[in-house]
Amino acid sequence: MPKFKFPDVDTLKSRMSELKQAAQKDKKPEEEAIPSTSIKCPSCENVFDKKELGMLKICPKCARYFRLNSKERIRLVADEGSFEELDSTLNAKNPLNFPDYEEKIAKMQEKTGLKDAVVTGVCTIGGEKAVLGVMDSGFMMASMGSVVGEKLTRAFEYATENKLPIIIFACSGGARMQEGIVSLMQMAKVSAAAAKHSKAGLLYITVLTDPTTGGVTASFAMLGDIIVSEPKALIGFAGRRVVEGTIKQKLPDEFQTAEFQLEHGFVDIIVTREEMPIKLRDILRIHSGRKDGAR
Amino acid sequence: MAGAFDNVKIARKVTRPTALDYINHIFDGFTEFHGDRLFGDDKAVVGGIAWLEHRAVTVLGIQKGKTMEENIKRNFGSPNPEGYRKALRLMKQAEKFGRPIINFINTSGAYPGVGAEERGQGEAIARNLLEMAELKVPSISIIIGEGGSGGALAMAVTDRVWMLENSIYAILSPEGFASILWKDASRAKEAADVMKLTANDLLKLGVVEKVIKEARGGCQNDFGFTANLLKSKLVIEIDTLCAMPIEKLLEERYARFRAFGEFSE
């Protein structure tokens with residue numbers, strides 16, 4: 001048992017006033033709270049109307065990219081009305097019997113309207129048919145558990161069977177810790193499915209978005225024939241704080257950005273959000289041989 | 001009852017036999033090869049060719065040191081990308097010459113350094129997962145100490161995965177697990193109990209096919225017993241795998257990893 005010594009009155013008094021001060025400090029932002037129709041950019045601190053963010057969700061002042069959820073991403077990339085979802089009913093279980101995992105999943109499902117952290121389906125992009133997988137950082141930071149692994153594996157298998165290219169928009173905090181070793185095995189499972197798709201001579205494009213880290217970086221995210229990234233996205237294997245802990249010093253801001261990965265040879269091309277659908281269409285067309293999209 | 005954290009402590013013992021101990025005991029004429037042909041030679045990974053009885057094989061290991069000096073040289077058994085790329089190079093060489101592959105795994109994880117990130121730690125691990133799934137030769141990996149996350153998996157996408165009785169295999173160290181999920185690294189013991197990281201737990205989960213017995217308190221107490229037992233099992237299993245048609249072997253390897261995951265539909 002740890003020894004507990006009751007503090008003397010003076011210590012308590014000074015602690016109380018510290019806490020009061022801290023509480024007042026915390027209140028401050030509330031006083032100048034921004035209206036619900038507005039949003040504050042975490043980069044430039046510019047406050048602006050949410051509508052100005054637009055479909056692309058880019059800060060009108062500093063061009064910072066706000067994260068897109070899977071629905072917004074699909075709307076932005078797939079031809080209107082072309083997306084048909086696959087395997088939409090998969091639901092997580094609790095392989096380790098991890099305390100409160102089911103409750104956490106239920107809560108996230110209610111909050112996001114998603115079953116888990118990836119949406120997969122078939123769509124056309126500029127008329128070019130492709131399998132599309134989009135991870136959603138709003139669902140447990142798009143960590144990869146059994147459902148994410150299984151849906152992506154099935155997406156690869158569907159693409160291989162139907163001789164289709166596959167595009168995966170990656171983003172993830174890494175493995176789904178609550179599923180432990182089962183989550184680790186998803187890395188091997190998805191990569192093996194990607195290998196079969198590759199061996200069939202089919203095209204796999206990964207688009208790395210903010211943030212792509214951990215076990216997702218160390219598996220399918222880095223296995224695309226073509227690796228695209230959004231500007232400024234965080235991309236890396238080990239977490240920044242872990243690396244800082246290893247070297248015992250601060251890392252520069254550009255460490256593990258898309259630009260850093262491009263510089264070091266791990267990203268083929270950085271594509272802006274505006275250009276993304278056109279660029280993906282063009283890459284798909286060069287691989288299908290339909291230069292002007294003619295069938 | 002002993003908790004899972006006792007296994008963690010045994011698995012991490014500095015006196016625990018290393019990959020080279022097993023390689024030198026089990027195989028004849030081990031010749032070590034160096035380098036990834038791209039950047040350098042990572043001494044946290046050892047590999048080369050050897051005889052398993054009368055069969056030519058390729059052997060690889062993630063190597064920890066036993067002294068501080070050796071640990072510095074071996075980077076405490078935490079490979080950089082060039083380590084995984086050396087491993088892949090030697091595995092592709094094994095494939096070319098039709099040699100089965102035997103990997104000894106003992107790492108707390110892939111090295112989280114600046115250089116490792118600059119040279120693509122994620123890509124190196126990912127590439128191994130993809131390539132190993134398709135290697136046209138039989139393979140067995142044995143976790144002999146720590147099997148730390150992607151850094152271990154990068155050499156464990158094999159036809160069979162075995163563990164020594166007191167070794168561990170997990171998504172993260174129990175300390176890291178506790179600090180991520182409970183914001184409290186001191187709850188590592190508790191984490192170890194829920195993580196299912198012991199050899200027997202993983203056997204039940206189907207993550208490994210075989211658990212190799214160790215002397216009471218750990219294999220450092222009777223190295224010959226564990227090493228000889230492992231050798232006899234390796235000889236039999238490699239014979240079995242080598243007798244299988246390669247197409248069937250690849251199908252079964254795919255199915256082995258394809259089966260992991262728990263979900264409802």
Side-chain angles (χ1 to χ4, degrees), chain A residues 87 89-99 116 145-147 149-150 153 175 177-189 191-196 198-199 213-223 235-239 242-243 245-247 251 255-256 260-261 264-266, chain B residues 78 81 84 109-134 147 149-154 156-157 169-172 176-177 180-181 191 194-197 201-202 205-207 250 253-265:
Chain A
D87 306 304
T89 58
L90 266 64
N91 232 318
K93 278 175 132 178
N94 192 356
L96 300 191
N97 293 318
F98 190 83
D116 211 298
S146 296
V147 172
E150 181 69 21
T153 302
M177 289 299 149
Q178 291 88 341
E179 293 192 25
I181 193 84
V182 180
S183 167
L184 186 71
M185 292 303 129
Q186 303 309 309
M187 292 167 62
K189 177 165 111 180
S191 300
K196 283 200 168 196
S198 180
K199 212 169 71 178
T213 62
V216 166
T217 300
S219 60
F220 61 88
M222 277 291 161
L223 293 174
I235 303 157
F237 172 61
V242 177
V243 179
T246 308
I247 61 167
L251 289 160
F255 185 70
Q256 293 183 327
F260 170 98
Q261 297 295 357
H264 287 96
F266 292 98
Chain B
S78 281
Y84 295 113
Y111 188 60
V114 175
E117 292 293 319
E118 288 172 343
R119 298 192 294 279
Q121 189 72 285
E123 195 277 342
I125 294 171
R127 186 66 47 200
N128 280 19
L129 305 185
L130 180 135
E131 295 283 352
M132 289 183 80
E134 306 251 298
S149 198
L153 183 66
V157 183
Y169 191 14
I171 186 74
L172 191 63
F177 188 89
I180 286 186
L181 285 172
V194 297
M195 286 172 78
K196 299 208 165 62
L197 47 66
D201 278 340
L202 293 166
L205 275 178
V207 173
L250 288 174
R253 192 184 306 154
Y254 187 77
R256 183 192 189 281
F257 288 93
R258 182 70 186 82
F260 291 120
E262 272 192 39
F263 50 86
S264 61
E265 208 167 340

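Predicted, not measured: the structure shown is a model, and the values here were computed from it. The chains referred to below are lettered A, B, ... by the order of the sequence lines, with proteins before strands, and numbering in each begins at 1.
- Counting only heavy atoms from C-beta outward, the side chains of A:Ile181 and B:Leu197 never approach each other to under 4.5 Å.
- Of the listed residues (B:Arg119, B:Glu118, B:Gln121), the greatest number of heavy-atom pairs within a distance under 4.5 Å of chain A belongs to B:Glu118.
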**Message:** Does B:Glu134 form a side chain to side chain contact (heavy atoms under 4.5 Å, CB included) with A:Lys199? I'd like the steps, not just the answer.
**Reply:** CA-CA 9 Å; B:Glu134 306 251 298; A:Lys199 212 169 71 178; 2.8 Å; yes
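- For the set A:Phe255, A:Phe98, A:Phe220, the entry with the most heavy-atom pairs within less than 4.5 Å of chain B is A:Phe98.
- Of the possible polar contacts, one joining the A:Ser146 side chain to the B:Glu262 backbone as a donor-acceptor pair under 3.5 Å is found.
- Proximity to chain A is limited to the side chain of B:Leu202, based on heavy atoms less than 4.5 angstrom apart.
- Heavy-atom distances place both the backbone and the side chain of B:Val194 under 4.5 Å from chain A.
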**Request:** Applying side chain to side chain contact (heavy atoms under 4.5 Å, CB included), run through B:Val114 and A:Val243 and close with a yes or a no.
**Result:** CA-CA 7 Å; B:Val114 175; A:Val243 179; 3.9 Å; yes
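- Put simply, of A:Val242, A:Val216, A:Thr217, the one with the most heavy-atom pairs under 4.5 Å next to chain B is A:Thr217.
- By the salt bridge (Lys or Arg N to Asp or Glu O under 4.0 Å) test, B:Glu123 is found to be paired with B:Arg85, B:Arg127, residues two or more places apart in sequence or in another chain being considered.
- For chain A, the nearby parts of B:Tyr169 are the backbone and the side chain; heavy atoms of each come within less than 4.5 Å.
- Atom CD1 of B:Ile180 and atom CE of A:Met177 lie 4.0 Å apart (nearest 0.5 Å).
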**Asked** Do A:Met222 and B:Ile125 pass the side chain to side chain contact (heavy atoms under 4.5 Å, CB included) test, and can you show the C-alpha distance, the side-chain angles, and the key distance before you say yes or no?
**Response** CA-CA 9 Å; A:Met222 277 291 161; B:Ile125 294 171; over 6 Å; no
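- Ranked by heavy-atom pairs shorter than 4.5 Å toward chain A, the options B:Asn128, B:Leu153, B:Val207 are led by B:Leu153.
- For a residue to count as touching a neighbouring chain, one of its non-hydrogen atoms must lie under 4.5 Å from one of that chain's; by this rule B:Leu181 touches chain A with the side chain only.
- Side-chain N or O atoms of A:Gln256 include none that pairs as donor or acceptor with a backbone N or O of B:Glu117 at under 3.5 Å.
- The candidate with the highest count of non-hydrogen atom pairs below 4.5 Å against chain B, out of A:Gln178, A:Met187, A:Glu179, A:Lys196, is A:Lys196.
- Every residue meeting the salt bridge (Lys or Arg N to Asp or Glu O under 4.0 Å) condition with A:Glu150, not counting sequence neighbours, appears here in chain and number order: A:Arg154, A:Lys189, B:Arg258.
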**Request:** Dump the intermediate steps for side chain to side chain contact (heavy atoms under 4.5 Å, CB included) on B:Phe263 and A:Val147, then the final yes or no.
**Result:** CA-CA 6 Å; B:Phe263 50 86; A:Val147 172; 3.9 Å; yes
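- Note: B:Ile171 CD1 to A:Ser183 OG = 4.0 Å, rounded to the nearest 0.5 Å.
- Taking A:Ile235, A:Asn97, A:Leu223, A:Asp87 one by one and counting their heavy-atom pairs under 4.5 Å with chain B, the maximum is reached by A:Leu223.
- Neither the backbone nor the side chain of B:Arg253 comes within contact range of chain A, judged by heavy atoms closer than 4.5 Å.
- Residue B:Phe260 holds its CZ atom at 9.0 Å from CD of A:Gln186, rounded to the nearest 0.5 Å.
- Using a 4.5 Å cut-off between heavy atoms, A:Ile247 touches chain B through its side chain atoms alone.
- Both the backbone and the side chain of A:Ala193 come within less than 4.5 Å of a heavy atom in chain B.
- Considering only heavy-atom pairs separated by less than 4.5 Å from chain A, the leading option among B:Gly261, B:Gly109, B:Ser264, B:Gly113 is B:Ser264.
- Ranked by non-hydrogen atom pairs under 4.5 Å with chain A, the options B:Gly120, B:Gly147, B:Ala110, B:Ala133 are led by B:Gly120.
- Atom NZ of residue B:Lys196 and atom CG of residue A:Leu96 lie 5.5 Å apart, to the nearest 0.5 angstrom.
- Here B:Ser149 is the residue among B:Ser149, B:Gly176, B:Ala170 with the most heavy-atom pairs under 4.5 Å with chain A.
- Across A:Thr153, A:Thr246, A:Leu184, the residue that shares the most heavy-atom pairs under 4.5 angstrom with chain B is A:Leu184.
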